[in-house]
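First the structure, in the form of C-alpha cells, and then the observations on it.
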Amino acid sequence: MRVRRYRVLHRTTYVYSDVVSSSYGRAYLTPREFPGQRLLSHDVRIDPVPSDRSVGADVYGNTTLYFHVTAEHRRLEVTGESMVEVTGRLPPPDSEPWEHARPGIENGPLGVEFTMDLNPPEINPDIAAYAAESFPPGRPLLAAVTELTARIYTDFTYKSGSTTVSTRVADVFLARKGVCQDFARLGIACLRSQGLAARYVSGYLATNPPPGKPRLIGADATHAWATVWLPGGSGDGHWIDFDPTNNKFADERYVTLAWGRDYADVPPVRGIIYTDAKESTITVSVDVAPVEV
C-alpha cells in the first residue's frame, strides 16, 4: 500500500486600493480525515490578526473557519499550513450494473441530496444525452465512469482563464474548454442526470517536476475533482474519486480539503469587506511538498 506524506502551504493574499475597515471571512483550508487520509497537523494564520475567529463543522462534516478582522488594512493574508498523510487507494471490484448504484430512500439524505440538480439547474438535455453514451443498460458502474472520465478529458480543452467560478456547466459544455473545477462539475452533472449520487471535491494534487528539474515552490494550485457513490462494503457504501482533468481515479497524490454538492459549498476562502476601494487584487500560492514518511 503506497503511503505519501505532504506539507501543504496555501496562501491567499488580498491587496486593496483603499483602506478596508472590516473584513468577514470563511475558509475551508483544513484537510479532511477519513480512511486513506490522516491530518497530522494544521494551522491557519491570518494577517492582520482577527479580533474574532471560530472553527466549526458544516453540514457535510467539513471543517470551516470563520474570522472577523476589525483593524484597518489594505492587505489581508490567509495562510493554511498542514501536514497530511495519504494512502493509495484502489477502486473496489466492478461487477454491479450502474443502475444498481442509484441510491434509494433507504440510503437517507444521500438518496436525495447528491442526486439532485442544482438551483438554477445545471443539467440540460444535451448534457444528459452526452452522459447516456457512457451508461448503456447493464454496464458496470466503474466501467461507465472510466469511459465518461476519458471522454471529458478528450473532448474538452484545459485552458486557464477561460472560465470563472460562476461559469455555468452548460456554457462549458458548449465552449468545450475550461479548468479543473469545470470538468469536475460537468462530470457531476452527467452522473446526476443518470440518477447517480455525485459530489464535488476541493483539494490539492501533488505535481511532479519535469525530469532533471527541481520542484517550483508555490507552483502547485488548488485542484478539483468529483466522486461517485456505489453501494456495498461497510457503512453506507463507497465513494470513488475520479478526475476528468487528468483522466484518472484519485490516488496517493490527491489531498482532499472538503466536499459538497458544488464549488459554492466549499471555496477555499471567501468573505465580505467594508471599504471604498475601487480596485483589488488576489494572489493564491499553493505548495504541496513531499515529506519522507
Side-chain angles (χ1 to χ4, degrees), residues 6-33 37 39-84 118-119 160-161 163-167 179-182 184-185 199-205 217-225 255-288:
Y6 302 103
R7 173 183 172 270
V8 180
L9 192 66
H10 183 159
R11 178 175 290 113
T12 305
T13 305
Y14 301 89
V15 178
Y16 306 100
S17 61
D18 201 348
V19 171
V20 174
S21 60
S22 185
S23 178
Y24 294 87
R26 183 182 188 185
Y28 286 92
L29 293 173
T30 306
R32 290 193 68 123
E33 286 200 273
Q37 180 168 297
L39 181 60
L40 304 179
S41 63
H42 176 69
D43 185 36
V44 177
R45 299 182 295 276
I46 302 170
D47 183 24
V49 176
S51 57
D52 184 34
R53 63 185 285 169
S54 62
V55 176
D58 70 5
V59 68
Y60 304 115
N62 303 301
T63 298
T64 179
L65 166 69
Y66 295 89
F67 61 88
H68 182 199
V69 177
T70 54
E72 291 189 345
H73 58 281
R74 290 175 178 262
R75 181 178 181 275
L76 174 67
E77 186 172 276
V78 181
T79 303
E81 184 172 0
S82 308
M83 189 74 72
V84 185
L118 302 178
N119 185 23
S160 180
T163 58
T164 69
V165 295
S166 59
T167 300
V179 295
C180 59
Q181 73 174 31
D182 301 307
R185 295 176 66 235
R199 62 191 183 194
Y200 179 96
V201 185
S202 168
Y204 311 104
L205 175 59
I217 303 300
D220 296 307
T222 54
H223 192 51
W225 59 96
V255 177
T256 299
L257 264 182
W259 57 60
R261 296 195 67 237
D262 190 48
Y263 167 84
D265 291 331
V266 289
V269 184
R270 66 180 171 193
I272 299 172
I273 62 171
Y274 292 87
T275 181
D276 291 325
K278 299 296 190 296
E279 298 179 354
S280 64
T281 61
I282 177 174
T283 304
V284 180
S285 173
V286 174
D287 185 55
V288 184

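Here the structure is a predicted model, which means the values were calculated and not measured.
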Side-chain contact, heavy-atom cut-off 4.5 Å: L76 with V20?
no
Look only at the side chain of S21 and the backbone of Y274, and say whether a donor-acceptor pair between them is shorter than 3.5 Å.
yes
Keeping the roles fixed (side chain from T275, backbone from A277), state whether a donor-acceptor pair exists under 3.5 Å.
yes
Determine the sole option in V269, V8, L65, T64 for which the side chain to side chain contact (heavy atoms under 4.5 Å, CB included) test with L29 is passed.
V269
Pair D262 + R185: basic N to acidic O under 4.0 Å:
yes
Beyond-backbone contact of H10 with V284, side-chain heavy atoms, under 4.5 angstrom
yes
Less than 3.5 Å apart, any donor N or O on the side chain of T30 or T63 sitting next to an acceptor on the other?
no
Would you indicate whether the side-chain heavy atoms of V78 and V44 approach each other to under 4.5 Å?
yes
Between R74 and S17, is there a donor-acceptor pair closer than 3.5 Å when you use the side chain of the first and the backbone of the second?
yes
Is the backbone N or O of L39 less than 3.5 Å from a side-chain atom of E33, with the two atoms forming a donor-acceptor pair by type?
yes
Decide whether Y24 and R26 meet the rule of one side-chain donor and one side-chain acceptor closer than 3.5 Å.
no
Does a salt bridge link R45 with D43, judged by any charged N lying under 4.0 Å from a carboxylate O?
yes
If we ignore hydrogens and angles and just use 3.5 Å, is the side chain of N62 paired with the main-chain N or O of W259 as donor and acceptor?
yes
Backbone N/O of Q37 and side chain of R32: donor-acceptor pair under 3.5 Å:
no
